[in-house]
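Taking it in order: structure first as structure tokens, then the write-up.
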Amino acid sequence: MNAGQQPTLMRVPMRTLSRQTRHALEGVDDILVYKVAMTTRFRGVTRREGLLLHGHAGWGEAAPFWNYGDVESSRWLAAALESARRLPPVPRRKFVPVNVTVPVISPEEAYERVKASGGCATAKIKVAEPGVSLSRDCARVAAVADALRETVGGQALIRLDANGAWEVDEARVAIPAMASAAGVVPIEYVEQPCLTVDELAQVRRSVDVPIAADESIRRAEDPLEVARKEAADVVIIKVAPLGGVRAALRVARKSGLGVVVSSALETSVGLSVGVAAAAAVPGVPRAAGLATASLLVGDVTAPLVPDRGRLPVGRLEPDQELIDRTPVDGDLVSRWGMRLEGMAEHLTVGGR
Ligand SMILES: O=C(O)CCC(=O)c1ccccc1C(=O)O
Ligand SMILES: [Mg+2]
């Protein structure tokens, strides 16, 4: 790791926060802020920053993206507070299977990444990013399918994530093209092919491949609209944007659909909370999208990386020694101090 890419970890002194914020954070006895670079640009994101909160139940993470306002971000704070104050629900398993996440990289790099994924049988591929042609996406899908077949044979599954980029007609063309590029490897589902719930429903009725809803759950006023409109087969559940493990599991259960727990590119501290959520989902587990530690350059603790395609259940804590080794970044501390005040102001008791 070169010097410019060391993760930064610093303490946010509680006394610098307003009385109202300290009151909202009752039970929290330590607050850290981190900054880490990403190895590969991912949905336009090149570095991650966020807060780590400690309470008697452990550490939680609140790392809303910078384009999120205070109201939406306050759910991320609610999730971190839940992790600090309450133990996660009883796990139904000791390990959770995970997918390898394949960003927009060359087919050769994609092939190598799947081979080096720690035995993941499922790969999730980012497709339809601006400026990437259908044929380039298909070449990456084919390379991933080759790597999966060579490593896990008949267990292999591919997921595609379009992040809402397609019009319905484009999805009708692109999805079959990608399914054919995957050859014998089945497409488990396409995540958020289009932006709106109605479009998801239309695509779902016109392609053979199952549909998963991500943004239509985690950024929606009404996360259950997808289920009512039969717009998806699977719901993508992200702990932080849904306001915590319990709130996320409630959405999952009420949807009645298949459940995949996924990350929001947290550090391994936040990822371990995602693992706790995935471990509590009833039924045969689907691979979770929680193997994203490898997308970060460095981490705030020993990175949570898969072995034999799975992650162990168990909460992680940041390495406090990093605090002293970290280059001082007062701007980071004051930015997140202010953000914390904004999020705290919009916390709602009991969520929505
Ligand atoms: O699901 C995964 O494999 C990784 C997580 C992921 O893709 C993601 C991470 C941060 C923000 C959005 C997304 C997404 O699913 O679109
Ligand atoms: Mg997604």
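Heads up: numbering here begins at 1 and tracks the sequence. As the structure lists them, so they are numbered: ligands from 1, and atoms in each ligand from 1. All values reported here derive from a predicted model rather than from experimental measurement.
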| Nearest heavy atom to atom 1 (O) of ligand 1: which of Ser262, Ala123, Gly164 does it belong to? | Ser262
| Salt bridge check: are Glu129 and Arg43 linked by an N-O gap of less than 4.0 Å? | no
| query | Checking only N/O/S atoms, does Asp161 have one that is under 2.8 Å from the Mg ion (ligand 2)? | reply | yes
| task | Check whether any heavy atom of Arg218 sits under 4.0 Å from an atom of ligand 1. | result | yes
| message | One residue to check: Gln192. Relative to ligand 1, which of side chain, backbone, both or neither has a non-hydrogen atom less than 4.0 Å away? | response | neither
| message | When you compare the side chain of Ile211 with that of Glu191, does any pair of heavy atoms fall below 4.5 Å? | response | no
| message | I need the atoms of ligand 1 closer than 4.0 Å to a non-hydrogen atom of Thr101, numbered in the order shown. | response | 2 (C), 3 (O), 4 (C)
| message | I want to confirm something. Looking only at heavy atoms, which of Thr292, Val102, Asp214, Leu295 is nearest to atom 4 (C) of ligand 1? | response | Thr292
| request: Have a look at ligand 1 and work out which part of Asp161, if any, has a heavy atom under 4.0 Å from it: side chain, backbone, both or neither. | output: side chain
| request: State the atoms of ligand 1, each with its element, that fall below the 4.0 Å cut-off from a heavy-atom position in Phe42. | output: 6 (C), 7 (O), 8 (C), 9 (C)
| note | shortest atom 7 (O) of ligand 1-to-protein heavy-atom contact is with Lys124 NZ, 2.9 Å
| remark: Heavy atoms of Arg22 and Met14 approach each other most closely as CD-O, 3.4 Å
| query | Polar-atom distance check: Ser263 versus ligand 1, any N or O pair below 3.5 Å? | reply | no
| Side chain, backbone, both or neither: Lys238 near ligand 1, heavy atoms under 4.0 Å | side chain
| said: Between the side chains of Arg339 and Glu341, is the shortest nitrogen-to-carboxylate-oxygen separation below 4.0 Å, so that they form an ion pair? | reply: no
| request: Identify, by atom number and element, the atoms of ligand 1 in contact range of Leu265, meaning under 4.0 Å from any of its heavy atoms. | output: 9 (C), 10 (C)
| What N/O/S atom of Glu191 is the closest to the Mg ion (ligand 2)? | OE2
| Considering only heavy atoms of Ala264, which atoms of ligand 1 have at least one such atom less than 4.0 Å away? | 10 (C)
| query | Can you find an N or O of Lys126 that's nearer than 3.5 Å to an N or O of ligand 1? | reply | yes
| When you measure from the Mg ion (ligand 2) to each N, O or S atom of Asp214, which atom gives the shortest distance? | OD2
| field | Where Leu242 and Ala247 come nearest, the two heavy atoms and their spacing | value | O-CB, 3.3 Å
| said: What I want to find out is whether Glu49 reaches Arg335 closely enough, with some N-O distance under 4.0 Å, to be called a salt bridge. | reply: yes
| request: Could you tell me the separation between the NZ atom of Lys94 and the CZ atom of Arg310, rounded to the nearest 0.5 Å? | output: 10.5 Å
| task | Mark yes or no for whether Arg315, through its side chain, and Trp59, through its backbone, hold a donor-acceptor pair below 3.5 Å. | result | yes
| field | ring pair (Phe, Tyr, Trp, His ring centres under 6.0 Å) partners of residues 12-51, not counting sequence neighbours, each pair once | value | none
| query | Under 4.0 Å from ligand 1, counting heavy atoms only, is it the side chain of Asn99, its backbone, both or neither? | reply | side chain
| query | Does the cation-pi check pass for Arg219 over Tyr68, that is, NZ or CZ under 6.0 Å from the six-membered ring centre and within 45° of its axis? | reply | yes
| request: Just need the protein heavy atom nearest to atom 11 (C) of ligand 1, so name the residue and atom and give the distance. | output: Arg43 NH1, 3.2 Å
| said: What I want to find out is whether Arg228 reaches Asp222 closely enough, with some N-O distance under 4.0 Å, to be called a salt bridge. | reply: yes
| query | Which of the atoms of ligand 1 are close to Asn163, meaning less than 4.0 Å from one of its heavy atoms? | reply | 14 (C), 16 (O)
| message | Does this structure show an ion pair linking Glu321 with Arg325, if we count only N-O contacts that are shorter than 4.0 Å? | response | yes
